[in-house]
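Have a look at the structure below before the remarks.
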Amino acid sequence: MRLLFLGDLVGRTGRKAVIDALPGLRKRYKLDFVVVNGENAAGGFGITEAILDELLDAGADVVTLGNHAFDQKETLVYIERQDRLIRPINFPKGTPGKGAGLFRARNGMDVLVINAMGRVFMTELDCPFRAIDNEICACKLKQGADAIFIDFHAEATSEKQALAHFVDGRATAVVGTHTHSPTSDERVLGGGTAYMSDAGMCGDYNSVLGMDTGEPVNRFLTKIPRGRFEPAEGPATISGLAIEVDDRTGLSTRVAPLRMGGVLSKAEPAFWVE
Ligand SMILES: [Fe+2]
Ligand SMILES: [Fe+2]
């Protein structure tokens, strides 16, 4: 199975790049399953239902979220009817929506997608390790699901690496999001779980995390807000991780970064274009 994950879409430029590219990517790489993090899709803050529908129409199978999940207040309502939108599983009990779901891939296999948020340098939520453990014990690899994909939305690389080792051999992939810069540590761990500390964002990298540089620089310098954070509008780089899954075991065999457009160096999963 061929699985593609794309990191946080930021603003109009990131959104448009992904919506324009996804149909072609699905075809070119014969993708079976695509997960996209959409927490910054609407002007950098959250996601509207109209944008979600556009992403799903373009070829995303599932959209994950993070700390910006409910920045657009309408999400509190529509998330209950949008089966393919997943928010962090360790939010307080009673939070609208769900943190995991089982979805049918193009090749007929069932993929369990889990979104969780870290707690280091972030809001104190329920323990993400225990929340994920509960989920993958209730829906085990090759028993309840053919593949298990985890988007771990966290600040600290230590927490992301620890989680990956905690589930190594029990999940197909753990990919980090939230820091908006792609790391170069993508690999398959000893037990067969694919891992990358951060998939990077889909947005304009001539920015501060996808935002115009003026206000972020001002806030660091003066600590006084002078304006709003506005998404940078330059050409976007699409950034994510390509994962080749062994259909027999549900574990990963190969991973490679995907980067296209914008200012970052280009990267293409060679094993899908041979
Ligand atoms: Fe983000
Ligand atoms: Fe985030």
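One-based numbering, in listed order, for ligands and for the atoms of each. Both backbone and side-chain heavy atoms feed into the values below; hydrogens, waters and symmetry mates do not.
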Q) Which protein atoms of type N, O or S are found under 2.8 Å from the Fe ion (ligand 1)? A)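 Counting only protein N, O or S atoms under 2.8 Å from the Fe ion (ligand 1), the list reads Asp8 OD2, Glu39 OE2, Asn40 OD1, His180 NE2.
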
Q) Can you list the steps and then say if Met260 with Glu268 is a side chain to side chain contact (heavy atoms under 4.5 Å, CB included)? A) CA-CA 8 Å; Met260 51 187 281; Glu268 186 167 56; over 6 Å; no

Q) Side chains of Leu55 and Val18: does their closest heavy-atom pair fall under 4.5 Å? A)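 In short, these two side chains touch, coming nearer than 4.5 Å.
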
Q) Is any side-chain heavy atom of Arg2 less than 4.5 Å from a side-chain heavy atom of Arg106? A)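 With C-beta onward as the side chain, the pair stays apart.
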
Q. Of all heavy-atom pairs between Tyr195 and Lys160, which one has the smallest distance, and what is that distance?
A.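 It is OH-CB, 3.4 Å.
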
Q. For Phe129, what residues pass the ring-ring contact (aromatic ring centres under 6.0 Å, His included) criterion, not counting sequence neighbours?
A.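 Once residues adjacent in sequence are excluded, the partners of Phe129 under the ring-ring contact (aromatic ring centres under 6.0 Å, His included) criterion are Phe166.
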
Q. Angle class for the Phe45/His68 ring planes (parallel below 30°, perpendicular above 60°, tilted otherwise)?
A.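 Judged by the thresholds at 30° and 60°, the geometry between Phe45 and His68 is perpendicular.
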
